[in-house]
S.K.: 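Encoded as structure tokens, here's the structure I'll be asking about.
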Amino acid sequence: HQNFRVLPEILCALPQRNTLKFPTHHDSIPSRFTMFKGDFIALDLGGSYFRILRVKVSHEKKQTVQMETEIYDTPEDIMHGTGTRLFDHVAECLGDFMEKQQIKDKKLPVGFTFSFPCRQSKLDEGILITWTKRFKASGVEGADVVKLLNKAIKKRGDYDADIMAVVNDTVGTMMTCGFDDQRCEVGLIIGTGTNACYMEELRHIDLVEGDEGRMCINTEWGAFGDDGSLEDIRTEFDKEIDRGSLNPGKQLFEKMVSGQYMGELVRLILVKMAKEGLLFEGRITPELLTKGKFETKHVSAIEKSKEGLNKAKEILTRLGVEPSHEDCIAVQHVCTIVSFRSANLVASTLGAILNQLRDNKGVTRLRTTVGVDGSLYKMHPQYARRLQKTTRRLVPDSDVRFLLSESGSGKGAAMVTAVAYRLSEQHRLIDETLAEFKLTHEQLLQIKKRMRSEIEAGLRKKTHENAKVKMLPTFVRSTPDGTENGDFLALDLGGTNFRVLLVKIRSGKRRTVEMHNKIYAIPIEVMQGTGEELFDHIVSCISDFLDYMGIKGARLPLGFTFSFPCKQTSLDAGILLNWTKGFKATDCEGEDVVYLLREGIRRREEFDLDVVAVVNDTVGTMMTCAYEEPNCEIGLIVGTGSNACYMEEMRNVEMVEGDQGRMCVNMEWGAFGDNGCLDDIRTIYDKAVDDYSLNAGKQRYEKMISGMYLGEIVRNILIDFTKRGFLFRGQISESLKTRGIFETKFLSQIESDRLALLQVRTILQQLGLNCTCDDSIIVKMVCGAVSRRGAQVCGAGMAAVVDKIRENRGLDHLDITVGVDGTLYKLHPHFSRIMHQTVKDLAPKCNVTFLLSEDGSGKGAALITAVGCRLRDAEQN
């Protein structure tokens, strides 16, 4: 009885000690989602026999659970044989059960209650850490028991089973009781072995990502004391039992309290007392010295209040020790001390868990339910009462209800399986949806092939009119050669801001480019007023800049980056086809923008400029890179929008006279697919994004790859998933209905490998999306699928361009550089890598280098102007 004193000490010790706490990946108790139904099988392996249940959950007016059970023996030689034999035995019993139930042709979801310490990283996996109780099958420790069982089932080949979840019996017990009592958040088993589980706050579980909600923790508390922390209360008898066990030094707490060892503890005490002449007049028989002759069921029988002493006489007589009445009283006393110690120790460890729950909840008084199962708790006449009484003494500030699990852990295993089944169905449907975004090598080759034929159509005179990929001539006939020299002005008009730059280019051994710029706003009334007002505003900004730089006297050459659709008829003439991006100035569409600019300068009568070139920003991007790397003959922009240009042979540019040399062609490739040639890879989400855009039916390729639209595709998928109940608890928030909330920077952050799920959740919460960690995983998957496809489709287009250049030049192998700009390409953690890989796979005869471009619309415009001046001077000379 002296052991009672140390209980509060154990209470404090347990949470810090080496009980292995394993996340079980069950984060809900079944009563939370009572809305599931179906037909499930539960296997229960872990005690002295092996049980199979069929659990039918129906949901008419009230949820009902029907169960049918079959019990199978697990012979000793199988428990101690090879793992293969053990799992063959389980598979054989399961086959027999399915035969009897006439369900061999059905593939029912199976829950596997496996009552041994396992590591789980997901619900349908259990890596056995160590055998306990009487099991010792070889080749199983360190292996996944689901794989072993699946292998055994496959080997038979006469039925199929879908193992959805490995459930520890303790967890099964908690789930079973949780079905009847929503307060149940602790599971406890005291039978052959002992263990407990409870619902812990995710923020305390370092092994699992996430910090919101709870997860069931399987404590594996049988190993409490394996680090020596219980040495002060272990007796010589405990030590002797441990030495003779299958796993010396392990499961020391379990060996002090569980049914498997209790009878043996009593026998060892009786042997010592007999040897010392305190019992049976010193008689010691071979039976009394035989391990296993005194069983736990004998302890239970002897402790019964009425017939206990008679039972003691009966049992001791069978051991041949001829007991006196006093002997029987003494033996009854020994049994009581051993079983009472067990109840006290379990009460103290349970008390530690209850204290943890109370602290987690921050309440002064805890109300909770403990689901209990196990032969010792059920069969022993005093055990349950003593355990409950001690628990209440140790944790006086808790109201604890002890609920006996009716069907053991089987029903709970079926519950967990039902939930797992629902989740796996959901994952299957999510994977099915996202599979549309996974393009095969063949599909990507098709896109490359179609891009090639659209390129040809845009270049040819007779098909140019109806071609969607316009292949517009830019009249830029050369990339920089390094001899460019002088001071140049550049204008950059393409959005709500407008830049004026002075670019000083110096040739020679140490080539340099020096830039000065100033940014001016364009008021909305000017954007949407008359053309004359717009160009007068632009000219007044140029005037301000020339004063600012002190260069008003010089007649400088100027390049005009004009990022709107233009048809160029020469380097210095570009007819505006239509305004985009919110511009609506009158009397401009169909006019030459260089003429409009020259007229504005003439009206002001303050300075003169030599407007040399109208520049597209994609061409500027190519030129900026080509100045550093002469091999650069392609420009690519993947940002808010997307476009490409490249140096084409003049003989192929049928829209411009002459066959000599090359010219840069502005592809305007965003419109690829506007004739329906990409419809086979467009999803319902692409169609929704297109339908609700400002330019429905136009720029369909751009809408699959550029930053402005990828976020919209993601948002549409998330809305669909939420409607289908996969996300955000089925609630569509206001922010999810808001177009354009998923900017490129958010997609880039969400997909960053450096971000933990927690940070993904924070980003989503900033966007007004209240999500769990599971939601974050799905959102990350969706973003990944959409951006990956974007990068691949973009790479397929680029592969078509580089192969065209290679064939133009009649080469077996082409080395070429692409100048790239754009936020999506620069910021996204995976886009560029996937795109490069796709180009490599689809154009294996080309070695393509990608070079980041700096300021294509400013520096690039100046370089185009410089090259234009160089060529003009050469012609005049």
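Numbering of residues begins at 1 and proceeds along the displayed sequence.
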S.K.: Could you tell me if the side chain of Ile705 sits less than 4.5 Å from the side chain of Trp669, heavy atoms only?
M.R.: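 SC-SC contact between Trp669 and Ile705 confirmed.
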
S.K.: With sequence neighbours left out, write down each residue that passes ring-ring contact (aromatic ring centres under 6.0 Å, His included) with His537, or none if nothing qualifies.
M.R.: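 Listed in chain order: nothing, the list is empty.
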
S.K.: Just jot down the salt bridge (charged side-chain N to carboxylate O under 4.0 Å, His left out) partners of Lys448, sequence neighbours excluded, or say none.
M.R.: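 With sequence neighbours excluded, Lys448 shows a salt bridge (charged side-chain N to carboxylate O under 4.0 Å, His left out) to Asp803, given in chain and number order.
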
S.K.: Keeping to residues at least two apart or across chains, list the side-chain hydrogen bond (donor to acceptor under 3.5 Å, both in side chains) pairs with something in residues 516-528.
M.R.: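 Non-adjacent pairs meeting side-chain hydrogen bond (donor to acceptor under 3.5 Å, both in side chains): Glu514-His516, Lys518-Asp544, Tyr520-Asp544.
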
S.K.: Apply side-chain hydrogen bond (donor to acceptor under 3.5 Å, both in side chains) to the pair Asn808 and Asn652, showing each step before the final yes or no.
M.R.: CA-CA 9 Å; Asn808 282 346; Asn652 296 333; 3.3 Å; yes

S.K.: Partners of Gln792 by side chain to side chain donor-acceptor pair (under 3.5 Å), sequence neighbours excluded?
M.R.: none

S.K.: Check whether any side-chain heavy atom of Asn666 lies under 4.5 Å from a side-chain heavy atom of Asn643, and answer yes or no.
M.R.: yes

S.K.: Walk me through whether Gln699 and Tyr701 qualify under side-chain hydrogen bond (donor to acceptor under 3.5 Å, both in side chains).
M.R.: CA-CA 6 Å; Gln699 302 292 98; Tyr701 183 61; over 6 Å; no

S.K.: Compare all side-chain heavy atoms of Arg603 with those of Val539 and state whether any distance is below 4.5 angstrom.
M.R.: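 Not in contact.
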
S.K.: Looking at side-chain heavy atoms only, is the closest gap between Val779 and Val782 below 4.5 Å?
M.R.: no

S.K.: Can we say Asp679 and Arg682 salt-bridge, meaning some charged N sits less than 4.0 Å from an Asp/Glu carboxylate O?
M.R.: yes

S.K.: Please report the C-alpha distance between Val476 and Val867 in whole Å, then the side-chain angles of each, then the deciding distance to 0.1 Å, and finally whether the side-chain contact (heavy atoms from CB on, under 4.5 Å) criterion is met.
M.R.: CA-CA 8 Å; Val476 171; Val867 171; 5.6 Å; no

S.K.: Should the pair Lys845-Asp812 be classified as a salt bridge under the 4.0 Å nitrogen-to-oxygen rule?
M.R.: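 No, no charged N to carboxylate O under 4.0 Å.
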
S.K.: Show the numbers, then the answer: is there a side-chain hydrogen bond (donor to acceptor under 3.5 Å, both in side chains) between Arg833 and His830?
M.R.: CA-CA 5 Å; Arg833 176 180 50 80; His830 310 300; 3.1 Å; yes

S.K.: Hey, could you give me each pair passing side-chain hydrogen bond (donor to acceptor under 3.5 Å, both in side chains) that has a residue in residues 463-477? Not counting sequence neighbours.
M.R.: none

S.K.: Does the distance from a Lys or Arg side-chain N to an Asp or Glu carboxylate O, for Asp481 and Arg870, drop under 4.0 Å?
M.R.: yes

S.K.: Check this for me: does any side-chain nitrogen of one of Arg700 and Asp690 sit under 4.0 Å from a carboxylate oxygen of the other?
M.R.: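 A salt bridge links Arg700 with Asp690.
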
S.K.: Nearest 0.5 Å, please: how far is SG in Cys588 from CD in Glu532?
M.R.: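 Answer rounded to 0.5 Å: 10.0 Å.
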
S.K.: With a 4.5 Å cut-off on side-chain heavy atoms, are Val612 and Arg872 touching?
M.R.: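 Yes - at least one pair of side-chain heavy atoms lies under 4.5 Å apart.
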
S.K.: More than 12 heavy atoms of other residues, nucleotides or ligands under 6.0 Å from CE of Met663: is that the case?
M.R.: yes

S.K.: Indicate the atoms forming the closest heavy-atom contact of Ala490 with Ala861, along with that distance.
M.R.: CB-CB, 4.0 Å

S.K.: Whether Asp815 and Arg806 form a salt bridge (side-chain N of Lys/Arg under 4.0 Å from carboxylate O of Asp/Glu) is what I want to check.
M.R.: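 Salt bridge flag = no for Asp815 with Arg806.
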
S.K.: Which pairs count as salt bridge (charged side-chain N to carboxylate O under 4.0 Å, His left out) when at least one residue sits in residues 821-831, sequence neighbours excluded?
M.R.: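 Checked against salt bridge (charged side-chain N to carboxylate O under 4.0 Å, His left out) - neighbours excluded - the pairs reaching residues 821-831 are Asp821-Lys826.
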
S.K.: So, Thr561 and Asp617: side-chain donor and acceptor under 3.5 Å apart, yes or no?
M.R.: no

S.K.: Do other residues, nucleotides or ligands put more than 12 heavy atoms under 6.0 Å from the OH atom of Tyr595?
M.R.: no

S.K.: Taking atom CG of Asp691 and atom NZ of Lys687, what is their separation to the nearest 0.5 Å?
M.R.: 9.5 Å

S.K.: State whether Tyr627 and Arg511 meet the cation-pi test: NZ (Lys) or CZ (Arg) under 6.0 Å from the six-membered ring centroid, and within 45° of the perpendicular axis.
M.R.: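 Yes; both conditions hold, so Arg511 lies above the ring face of Tyr627.
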
S.K.: When you compare the side chain of Cys664 with that of Met622, does any pair of heavy atoms fall below 4.5 Å?
M.R.: yes

S.K.: In this structure, are over 12 heavy atoms from other groups packed under 6.0 Å from Arg788 atom CZ?
M.R.: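 At most 12 heavy atoms, drawn from other residues, nucleotides or ligands, come within 6.0 Å of this atom.
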
S.K.: List the steps and the verdict of side-chain contact (heavy atoms from CB on, under 4.5 Å) for Leu597 and Leu491.
M.R.: CA-CA 11 Å; Leu597 179 63; Leu491 306 185; 3.9 Å; yes

S.K.: What residues form a ring-ring contact (aromatic ring centres under 6.0 Å, His included) with Phe831, not counting sequence neighbours?
M.R.: none

S.K.: Which residue pairs satisfy the salt bridge (charged side-chain N to carboxylate O under 4.0 Å, His left out) criterion with at least one member in residues 619-630, sequence neighbours excluded?
M.R.: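 For residues 619-630, and leaving out neighbouring residues, the salt bridge (charged side-chain N to carboxylate O under 4.0 Å, His left out) pairs sorted by first residue read Glu628-Lys859.
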
S.K.: With respect to Arg598, which candidate in Asp610, Asp592, Asp572 satisfies the salt bridge (charged side-chain N to carboxylate O under 4.0 Å, His left out) definition?
M.R.: Asp572

S.K.: Got a second to check how far Cys566's SG is from Asn578's CG, nearest 0.5 Å?
M.R.: 9.5 Å

S.K.: Could you pull out all residues at least two apart from Asp841 that satisfy salt bridge (charged side-chain N to carboxylate O under 4.0 Å, His left out)?
M.R.: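 Listed in chain order: nothing, the list is empty.
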
S.K.: Can you check whether Phe560 reaches Leu558 side chain to side chain, under 4.5 Å on heavy atoms?
M.R.: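 They are in contact (side-chain heavy atoms under 4.5 Å apart), so the answer is yes.
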
S.K.: Given side chains that start at C-beta, do those of Met515 and Val513 come closer than 4.5 Å, heavy atoms only?
M.R.: yes

S.K.: Between CG of Leu636 and SG of Cys625, what distance do you get to the nearest 0.5 Å?
M.R.: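 Between atom CG of Leu636 and atom SG of Cys625 there are 10.5 Å.
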
S.K.: Before accepting this row, confirm whether a basic side-chain N of the pair Glu807/Lys804 lies closer than 4.0 Å to the acidic partner's carboxylate O.
M.R.: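 Looking at Lys804 together with Glu807, the answer is no, because their closest N to O distance does not fall below 4.0 Å.
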
S.K.: Consider only side-chain N and O atoms of Ser543 and Glu606, and report whether a donor and an acceptor are under 3.5 Å apart.
M.R.: yes

S.K.: Thinking salt bridges, do Asp674 and Lys698 make one under a 4.0 Å N-O criterion?
M.R.: no

S.K.: Would you sort out whether Met798 and Thr838 count as a side-chain contact (heavy atoms from CB on, under 4.5 Å), showing the intermediate values?
M.R.: CA-CA 9 Å; Met798 185 48 68; Thr838 307; over 6 Å; no

S.K.: Considering only residues two or more places apart or on different chains, which pairs with a residue in residues 632-646 satisfy salt bridge (charged side-chain N to carboxylate O under 4.0 Å, His left out)?
M.R.: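 As it turns out, the salt bridge (charged side-chain N to carboxylate O under 4.0 Å, His left out) pairs with a partner in residues 632-646, which skip direct neighbours, are Glu633-Arg662, Glu633-Arg809.
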
S.K.: Is a side-chain donor-acceptor pair under 3.5 Å present for Asn675 with Glu454?
M.R.: yes

S.K.: Can you name the ring-ring contact (aromatic ring centres under 6.0 Å, His included) partners of Phe564, sequence neighbours left out?
M.R.: Phe562, Trp579, Phe583

S.K.: Applying ring-ring contact (aromatic ring centres under 6.0 Å, His included), can you list everything that pairs with Tyr709, at least two apart in sequence or on another chain?
M.R.: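 Testing Tyr709 for ring-ring contact (aromatic ring centres under 6.0 Å, His included), a comparison that skips the adjacent residues, returns none.
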
S.K.: How far apart are the C-alpha atoms of Lys504 and Asn485, what are their side-chain angles, what is the distance that settles it, and do they pass the side-chain hydrogen bond (donor to acceptor under 3.5 Å, both in side chains) test?
M.R.: CA-CA 8 Å; Lys504 299 182 172 191; Asn485 198 42; over 6 Å; no

S.K.: Would Thr865 and Val503 count as a side-chain contact (heavy atoms from CB on, under 4.5 Å) if you check the C-alpha gap in whole Å, the side-chain angles of each, and the deciding distance to 0.1 Å?
M.R.: CA-CA 10 Å; Thr865 308; Val503 183; over 6 Å; no

